[in-house]
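Counting starts at 1 for both ligands and their atoms, in listed order.
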Amino acid sequence: MNIPKHTFDAVIVGAGGAGLRAALQLAESGLKTAVLTKVFPTRSHTVAAQGGVAASLGNSTEDNWHWHMYDTVKGSDWLGDQDAIEFMCRRANEVVVELEHYGMPFDRLDNGKIYQRPFGGHSQNYGQTPVSRSCAAADRTGHAMLHALYQRNVRANTHFYVEWLALDLIRDAFGNVLGVTALEMETGEVAIFHSRATIFATGGAGRIYHSSTNAFINTGDGCGMAARAGIPLEDMEFWQFHPTGVAGAGVLITEGVRGEGGILRNASGERFMERYAPNLKDLASRDIVSRAMTTEINEGRGCGPDKDFVLLDITHLAPETIMKRLPGIREIAIRFAGVDPIREPIPVVPTCHYQMGGIPTNYKGQVVVPASDDPATPVTGFYAAGECACASVHGANRLGTNSLLDLLVFGKSAGESVVEDIEAGDLPLRPLPVDAAERSLARIDRLDSQTNGESVYEVGQDMRRSMQKHAGVFRFAELLREGVMQINEIAERARHTEIGDKSKVWNTARVEALELDNLIEVARSTIVSAEARRESRGAHVRDDAPDTPEFPNGRNDHEWLKHTLWYSDGDRLEYKPVNLKPLEEDTRPIALAKRIY
Ligand SMILES: Cc1cc2nc3c(=O)[nH]c(=O)nc-3n(C[C@H](O)[C@H](O)[C@H](O)COP(=O)(O)OP(=O)(O)OC[C@H]3O[C@@H](n4cnc5c(N)ncnc54)[C@H](O)[C@@H]3O)c2cc1C
């Protein structure tokens, strides 16, 4: 079959914060760069980020990157790779100031410096008191950031392929990555994007859960494509549930609300976080707050007729503060919860928010896999950044505002690595295998010829409900075991889905069916990895992991201080060590070396 072919130095899949930051690096260095995206760039999920981007600028409270690094390692429940965490925290100020110079309209302090607000888990002096580290543009930080980056890319002549769906990764017999196949939604035609380097920046997959703060486009396509091409997915058992999704709707209420002074209350009006986290209270890290809320609800102290939510109260803040710092939140509360937060508290519940795991990379943004005796060997020509990647800076739990930072730091470093690797002569344009598009065409042919199949929506709904029940905020051994079987059955059903409309032009049913393949890979990796990890750590909390002095909070470092690697083929699991060494030994924060809790 004669398939159109486009050739570039680099192809980036995804035009959210990570993809755009990487694209800028490449386009500005003169490489011929294509960016493929399912939606117009400024509609990527990054646009929804509210609270801010972390950097230890120290504009209103004293701060430094050691404290940021300590908080990130501790927040990760020690599963984060410390070389990557050091790299990110040290580079934070540079990338944020750079963004400001690109035109990012940050809020300002009276002295003209960037406004910073406190956020959960970010502290001074190794966990003592909250610090103001989150650089914000009101409660629309992601929106401002994405627009600043997009405009800068237009200036740099980045070539965008908008409303193109990347389908599969192309690898040759040696495992080198040579680009992707993609479907143009407008025409329904498939094309090959042949490149020296391929960067995945496809964002998260929060849509494997029933209740999610994520956009409908967050279907884990990068992870699905990587998994089908034999690349393992790392630490997929760790999903962050954001404490404050609007009850019933799932729409996010930023942690910035608590940063500005918001308080969580149970049915009797009690500020219950004082019991669970006496120091940081409502600003404890997200896993702690989500579990505390779930415990309140499970023990009958929830609000409403079904006692199934708690309240987020900002009625004590001045109306002017709410209008100035949280205008979008007020709008969301009025629209989705029917309450004006100036006068009434907002009903909230923990909601799936962020995937800590993803495609394994090092801090340079190179995708790495185990090979012979090295657990982290780069895959030639393949890079990843942003939420689809696992560097791993977030380990078992991400701190709020560290993701936007991750996009900037690792988007930039992935771009830099591509430039370096091309300049070093490591990435010639390798010949395509004859069957480069075979897998994608077979998937599409199957959909076109399938009869008597199930609806994509039904299978998807069963997957989302099953994941919500079997791999939620708390995890139960029995439910996990059942979940593995259920998800495998659902995965089998997904192989026989049928679409009623077989036309080509703007066929969104076909797009959703192809996305479901990716969601299924992510759901399988999550449930299998979670069932296997017999301890509690960060966002993964099991009922059968004992909380004893030897295993604080159920964490078992003797056996489980290691990263999970899940392979799609046969649900195979492997493990690799956590990098406990920062880049420069003498810069290791004192508290980390002593491991203060
Ligand atoms: C509601 C909400 C609020 C948040 N608030 C904050 C915050 O305040 N601070 C913070 O640090 N983090 C926040 N986060 C997390 C953070 O926003 C995300 O992790 C981050 O924006 C992800 O960026 P990304 O560039 O990796 O992907 P995204 O912004 O999700 O972009 C993914 C891109 O990939 C493209 N794509 C995907 N699949 C394909 C395919 N098959 N073919 C072609 N293109 C494809 C999409 O079109 C899109 O352009 C928030 C998240 C949510 C959901």
Side-chain angles (χ1 to χ4, degrees), residues 11-23 34-55 117 119-120 134-137 139-146 149-150 160-169 180-185 193 199-207 212-215 217-225 240 242 244-246 250-256 259 286 328 332 351-356 358-359 384-389 394 398-408 410-411 511 514-515 517-518:
V11 167
I12 300 175
V13 184
L20 289 182
R21 187 62 194 83
V35 178
L36 272 62
T37 170
K38 293 201 276 196
V39 294
F40 193 77
T42 52
R43 289 182 173 262
S44 305
H45 187 66
T46 301
V47 81
Q50 302 169 351
V53 46
R117 59 165 57 117
F119 239 78
S134 166
C135 310
D139 53 3
R140 296 172 181 138
T141 312
H143 181 112
M145 179 170 146
L146 204 56
L149 286 172
Y150 177 63
F160 287 100
Y161 286 83
V162 176
E163 288 164 340
W164 279 75
L165 175 78
L167 296 172
D168 283 291
L169 195 62
V180 289
T181 50
L183 176 126
E184 184 179 24
M185 296 188 204
F193 286 78
I199 304 183
F200 273 9
T202 52
R207 284 283 152 189
S212 171
T213 65
N214 279 206
I217 53 169
N218 285 11
T219 51
D221 297 359
C223 290
M225 288 187 271
Q240 179 165 86
H242 195 291
T244 53
V246 172
V251 184
L252 180 76
I253 300 287
T254 172
E255 192 168 307
R286 288 179 179 174
I332 288 174
T351 303
C352 169
H353 186 54
Y354 184 84
Q355 71 176 69
M356 265 72 74
I359 304 166
E387 193 169 335
C388 72
H394 311 301
R398 171 178 74 92
L399 293 187
T401 71
N402 263 355
S403 171
L404 290 188
L405 177 60
D406 163 351
L407 310 183
L408 295 173
F410 296 107
V511 169
L514 293 163
E515 286 175 337
D517 290 344
N518 299 320

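Each of the atoms 25 (O) of ligand 1 lies under 4.0 Å from some heavy atom of A18. Close approach of ligand 1 to T213 (heavy-atom distance below 4.0 Å) involves ligand atoms 1 (C), 53 (C). Heavy-atom contacts of L165 reach the following atoms of ligand 1: 41 (N), 42 (N) (cutoff under 4.0 Å). Ligand-side atoms of ligand 1 in range of Y354: 19 (O), range being under 4.0 angstrom from any heavy atom. Near N214, meaning under 4.0 Å from any of its heavy atoms, are these atoms of ligand 1: 53 (C). Here is the list of ligand 1 atoms found below 4.0 Å of a heavy atom in T202: 32 (C), 34 (O), 37 (C), 38 (N). Which parts of ligand 1 touch D221 is read off a 4.0 Å heavy-atom cut-off, strictly below it: atoms 38 (N), 39 (C), 40 (C), 41 (N). Each of the atoms 1 (C), 2 (C), 3 (C) of ligand 1 lies under 4.0 Å from some heavy atom of A48.
Nearest protein heavy-atom neighbour of atom 27 (O) of ligand 1: G203 CA, 3.2 Å. For atom 49 (O) of ligand 1, the closest non-hydrogen atom of the protein is S44 OG, 2.7 Å. For atom 29 (O) of ligand 1, the nearest protein heavy atom (residue, atom name, distance) is T46 OG1, 2.5 Å. Residue, atom and distance of the protein heavy atom nearest to atom 3 (C) of ligand 1 are L252 CD2, 3.1 Å. Looking from atom 18 (C) of ligand 1 to the surrounding protein, the closest heavy atom is E387 OE1, 3.3 Å. The protein heavy-atom contact nearest to atom 34 (O) of ligand 1 is G14 CA, 3.1 Å.
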For this session: Please lay out, stage by stage, how L36 and V11 fare under the test side-chain contact (heavy atoms from CB on, under 4.5 Å).
Result: CA-CA 8 Å; L36 272 62; V11 167; 4.1 Å; yes
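N214 contributes a side-chain N or O that, together with a main-chain N or O of H353, makes up a donor-acceptor pair within less than 3.5 Å. Proximity of a side-chain donor or acceptor of Q240 to a complementary backbone N or O of C352 within less than 3.5 Å is not detected.
Taking a 4.0 Å cut-off on heavy atoms, V39 registers as neighbouring ligand 1. Within the structure, the closest approach of G17 to ligand 1 falls below 4.0 Å when heavy atoms are considered. Using a 4.0 Å cutoff on heavy atoms, C388 does not count as a contact of ligand 1. Distances from ligand 1 to the non-hydrogen atoms of E515 include no value under 4.0 Å. Heavy-atom distances between T401 and ligand 1 reach below 4.0 Å in at least one pair. Using a 4.0 angstrom heavy-atom cutoff, T141 does not count as in contact with ligand 1.
Ionic pairing of K38 and D221 is present here: one or more N-O contacts between side-chain nitrogen and carboxylate oxygen are shorter than 4.0 angstrom. A salt bridge between E515 and R207 is absent, with no side-chain N of the basic residue lying under 4.0 Å from a carboxylate O of the acidic one.
A distance of 9.0 Å separates NE2 in H242 from OG1 in T351, rounded to the nearest 0.5 Å.
Contacts between N402 and ligand 1 below 4.0 angstrom, taking non-hydrogen atoms only, involve the backbone exclusively. Both the backbone and the side chain of L404 come within 4.0 Å of ligand 1, counting heavy atoms alone. Heavy atoms of A201 found under 4.0 angstrom from ligand 1 belong exclusively to the backbone. At a 4.0 Å heavy-atom cut-off, ligand 1 touches V13 through the side chain alone. Both the backbone and the side chain of T37 come within 4.0 Å of ligand 1, counting heavy atoms alone. Using a 4.0 Å cut-off between heavy atoms, Q50 contacts ligand 1 through its backbone alone, with no side-chain atom that close.
Residue M225 comes nearest to D168 through the heavy atom pair SD-N, 3.7 Å, listed as atom of the first residue, atom of the second, then distance. Closest approach of N402 to A54, counting heavy atoms only: OD1-CB, 3.6 Å. Heavy-atom minimum distance, A205 versus T219: CB-C, 4.1 Å.
Residue contacts with ligand 1: G386 is placed with no nitrogen or oxygen under 3.5 Å of a nitrogen or oxygen of the ligand (distance criterion only). Annotation: A166 places an N or O atom under 3.5 Å from an N or O atom of ligand 1; distance criterion only. Between A385 and ligand 1, a contact under 3.5 Å exists for no N or O pair. For ligand 1, the polar-atom distance check against G52 finds a nitrogen or oxygen pair separated by under 3.5 Å.
Between W164 and F193, the ring planes are perpendicular. Angles over 60° get that label, and only those under 30° would be called parallel.
Nearest-residue assignment for atom 8 (O) of ligand 1 (options A49, G51, G16; heavy-atom criterion): G51. Among R398, R21, H45, the residue whose heavy atom lies closest to atom 52 (C) of ligand 1 is H45. Closest to atom 36 (N) of ligand 1 by heavy atom, among R43, Q240, K38, is K38. Closest heavy-atom approach to atom 43 (C) of ligand 1 among the candidates F410, F160, W164: W164. Looking at C223, G411, S403, it is S403 that brings a heavy atom closest to atom 16 (C) of ligand 1.
Shown are L165, L167, L169; of these, the side-chain contact (heavy atoms from CB on, under 4.5 Å) with T181 is made only by L167.
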